[in-house]
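Working notes, structure below.
For the numbers below, each heavy atom of this structure counts, side chains included, while hydrogens, waters and symmetry mates do not.
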Amino acid sequence: MKILLADTLFSDGVILRDHGIVFDKTIIDVSSNDNLRSRYGEQCIELGEGSVLVPGLINSHVHLEFSANRSTLTYGEFMPWLSSVIAARDELVNDCDDGCTTRAIEMMLSNGITAFGAVSSYGFDLEPCFKAPQKVVFFNELIGSDPMMADALYGNFQERLFASQELTRDGFYPSVAIHSPYSVHRVLIQKGLKYAQDKELRVTTHFMESPAEREWLDSNSGAFAPFFQNFLKQTQAANTAEEFLSYFRDVPTLFTHAVHASDEELAAISEGNHTIIHCPISNRLLGNGVLDLQPLEEKHIRFVCGTDGLSSNYTLDLFEEMKIALFIHPNDDLLSLAQKLWKGVTSEAAEALRLNCGKIMPDYDADFLVMRVNYPINEQLPIHLINQPRVIESIYIQGEKVQ
Ligand code: BEZ
Ligand code: FE2
């Protein structure tokens with residue numbers, strides 16, 4: 001058992017001055033420093049002025065297999081980017097060996113990310129994810145809109161999924177990703193979701209990321225039309241958005257992007273108790289626009305933040321992601337937005353991913369960061385923690401100091 005006394009504890013929207021924690025693998029107690037000093041005396045470790053305890057950050061959406069990308073992929077617009085992914089896929093994936101994947105995982109850890117949801121297209125990131133110190137929700141991706149290929153593609157998905165299910169450790173969760181409404185045949189979606197539901201696996205998908213996806217799903221036209229004609233000889237979208245959402249009705253799912261979701265689609269997302277993953281940097285780099293947060297608030301849809309992969313980002317850093325989000329939503333109240341963003345990388349993300357972390361409260365896993373600030377702390381701390389140069393002094397996962 002350890003006792004850390006901090007200047008400030010910031011968890012789930014609440015700022016507590018002169019508070020500390022008692023923990024082993026989980027958090028045992030949160031109390032005022034005076035109280036802890038009188039109960040535990042010499043056992044207390046004083047972190048001193050400017051020390052701030054925050055929950056470890058949770059990155060809900062990353063693609064580690066594409067971590068070799070720096071300048072290979074074409075940014076600015078979605079279709080040229082997707083075409084560049086397809087053209088360079090083999091080269092990029094081959095260039096990312098276990099060392100490359102592990103460096104991306106270490107990059108996340110040094111940026112305070114103690115849990116992440118990794119979308120795995122090929123299973124090449126399985127071993128590094130299994131060996132990672134972080135909690136990992138390992139989303140095996142199901143993709144393929146060609147019905148002729150359905151059995152083979154489902155078989156390949158199952159092989160990867162079963163391989164991930166054979167690896168067991170605390171904090172490793174084999175899960176399911178349905179790639180997107182335009183890229184997965186309904187038979188595959190229904191099979192994948194049924195399996196996930198039976199086994200109570202976590203589920204994620206991409207949804208309404210680009211204007212091109214909107215147009216293709218609505219009217220079988222736009223920039224996706226020549227792509228599907230050339231690539232798969234298809235003239236019709238695999239699903240309408242409405243059909244696609246209906247498959248997820250009873251499976252609370254993390255929907256990534258949703259920048260171009262309509263009001264009715266957002267209503268269905270709200271009804272299904274789903275979550276939206278906001279990836280502001282990826283959305284900007286791929287020319288997809290900005291997620292409007294207002295309808296999410298009105299419809300009580302939980303939103304969390306993700307980095308997406310290095311295939312559409314220059315870093316894997318949720319502090320950077322929160323900072324960009326603060327600046328691309330200029331009409332949202334600054335402090336309320338900062339609070340929501342913090343929840344979206346801690347408590348709300350943990351709830352959506354069904355992880356026992358994201359809050360510094362008794363019975364939650366002791367996954368937290370010791371940060372240090374060199375300015376007076378006040379009620380605007382959530383803003384300053386995002387904008388000021390950040391110092392993470394140490395990182396704990398399940399009570400173990402990992403950095
Ligand atoms: C498809 O199989 O339909 C597909 C795969 C990758 C990207 C887009 C579509
Ligand atoms: Fe993604």
Side-chain angles (χ1 to χ4, degrees), residues 63 65-66 73-74 77-94 119-126 139-164 175-197 201 203-249 251 253 255-257 260 265 286 288 309 311-312:
H63 301 260
E65 291 164 309
F66 291 91
L73 300 177
T74 307
E77 237 189 301
F78 188 73
M79 276 322 300
W81 173 81
L82 184 58
S83 301
S84 74
V85 171
I86 289 169
R89 190 166 43 188
D90 290 349
E91 174 199 330
L92 280 177
V93 168
N94 285 332
V119 179
S120 174
S121 303
Y122 309 101
F124 298 151
D125 49 350
L126 175 59
F139 289 113
N140 295 280
E141 187 169 69
L142 182 52
I143 189 166
S145 60
D146 182 355
M148 304 286 286
M149 295 291 289
D151 285 345
L153 292 168
Y154 197 78
N156 173 274
F157 159 76
Q158 274 184 315
E159 256 177 53
R160 288 180 282 118
L161 177 59
F162 294 163
S164 70
S175 306
V176 171
I178 307 292
H179 179 257
S180 77
Y182 59 82
S183 61
V184 195
H185 194 273
R186 63 180 176 281
V187 169
L188 293 183
I189 300 173
Q190 285 167 322
K191 265 176 106 164
L193 289 181
K194 178 160 187 341
Y195 185 84
Q197 213 175 1
L201 304 183
V203 178
T204 194
T205 185
H206 296 95
F207 184 70
M208 283 297 168
E209 178 174 8
S210 63
E213 177 177 346
R214 176 85 266 167
E215 199 177 345
W216 175 241
L217 264 57
D218 285 350
S219 51
N220 301 306
S221 61
F224 262 114
F227 172 85
F228 272 100
Q229 181 62 254
N230 299 333
F231 179 49
L232 288 159
K233 305 277 167 264
Q234 282 175 29
T235 54
Q236 264 219 314
N239 305 278
T240 65
E242 194 183 352
E243 278 163 3
F244 185 73
L245 288 173
S246 73
Y247 304 135
F248 293 83
R249 203 165 5 219
V251 191
T253 294
F255 284 77
T256 308
H257 305 306
H260 299 278
E265 289 154 11
L286 306 193
N288 288 326
S311 33
S312 56

Which pairs of donor and acceptor atoms, one on a side chain in residues 186-193, lie under 3.5 Å apart (sequence neighbours left out)?
none

**Q.** Nearest-0.5 Å distance that lies between atom CZ in F78 and atom OG in S210
**A.** 4.5 Å
Q | With S246 via side-chain contact (heavy atoms from CB on, under 4.5 Å) - residues at least two apart | A | R249
Q.
Applying side chain to side chain donor-acceptor pair (under 3.5 Å) as the test, list every pair that has at least one member in residues 144-160; sequence neighbours left out.
A. S145-Q234, N156-R160
Q) Going by heavy atoms in the side chains, are V184 and T205 under 4.5 Å from each other? A) no
Q: Just grab all the salt bridge (charged side-chain N to carboxylate O under 4.0 Å, His left out) pairs involving residues 83-93, residues at least two apart or on different chains.
A: none
Q: Taking ring-ring contact (aromatic ring centres under 6.0 Å, His included) as the test, write out the residues that go with H179, two or more places apart.
A: Y182, H206
Q | Polar side-chain atom of N239 near backbone of F244 as donor-acceptor pair, under 3.5 Å | A | no
Q: Would you name the heavy atoms of H260 and N288 that are closest together and state the gap between them?
A: NE2-O, 2.7 Å
Q) Within a radius of less than 6.0 Å around CD of E243, do more than 12 heavy atoms belonging to other residues, nucleotides or ligands occur? A) yes
Q. For the atom pair OG1 (T253) and OH (Y247), what is the distance rounded to the nearest 0.5 Å?
A. 14.0 Å
(Q) Which residues pass the ring-ring contact (aromatic ring centres under 6.0 Å, His included) test with Y122, not counting sequence neighbours? (A) F124
**Q.** Nearest-0.5 Å distance, OG of residue S164 to CZ of residue F139
**A.** 11.5 Å
Q: Measure the spacing between CD1 of I178 and OG of S183 and express it to the nearest 0.5 Å.
A: 9.5 Å
Q) So F224 and F228, would you call those rings parallel, tilted or perpendicular, with 30° and 60° as cut-offs? A) tilted
Q: Go through the structure and list residues passing side-chain contact (heavy atoms from CB on, under 4.5 Å) with Q197, not counting sequence neighbours.
A: D250, V251
Q: Please name all residues satisfying side-chain hydrogen bond (donor to acceptor under 3.5 Å, both in side chains) with E65, sequence neighbours left out, ordered by chain then number.
A: none
Q: Please list, chain by chain and in numerical order, all residues satisfying side-chain hydrogen bond (donor to acceptor under 3.5 Å, both in side chains) with T204, sequence neighbours excluded.
A: none
Q: Tell me, please, which residues at least two apart from P80 pass side-chain contact (heavy atoms from CB on, under 4.5 Å).
A: T74, E77
Q.
Would you compute the distance between atom CG of L92 and atom NE2 of H63 and round it to the nearest 0.5 angstrom?
A. 13.0 Å
Q | Separation between CZ of F231 and CG of L82, rounded to the nearest 0.5 Å | A | 8.0 Å
Q) Any side-chain heavy atom of F66 within less than 4.5 Å of one from S121? A) yes
Q. Which heavy atom of E209 sits nearest a heavy atom of L286, and at what distance?
A. OE2-CD1, 3.8 Å
Q | With sequence neighbours excluded, residues passing side-chain hydrogen bond (donor to acceptor under 3.5 Å, both in side chains) with T235 | A | none
Q) Given the side-chain rings of F227 and W216, with only the six-membered ring counted for Trp, is the space between their centroids under 6.0 Å? A) no
Q) If you look at every heavy atom in L161 and S175, which pair is closest and at what distance? A) CD1-O, 3.7 Å
Q) Would a 4.5 Å heavy-atom cut-off, applied to side chains only, mark L153 and H185 as touching? A) no
Q) According to the salt bridge (charged side-chain N to carboxylate O under 4.0 Å, His left out) rule, which pairs have a member within residues 210-233, sequence neighbours left out? A) R214-D218, R214-E265
Q: Determine the minimum heavy-atom distance between A238 and P181, stating which atoms define it.
A: CB-O, 3.8 Å
Q: Identify the heavy atoms of N140 and F157 that sit nearest to each other, and give their distance.
A: O-CE1, 3.4 Å
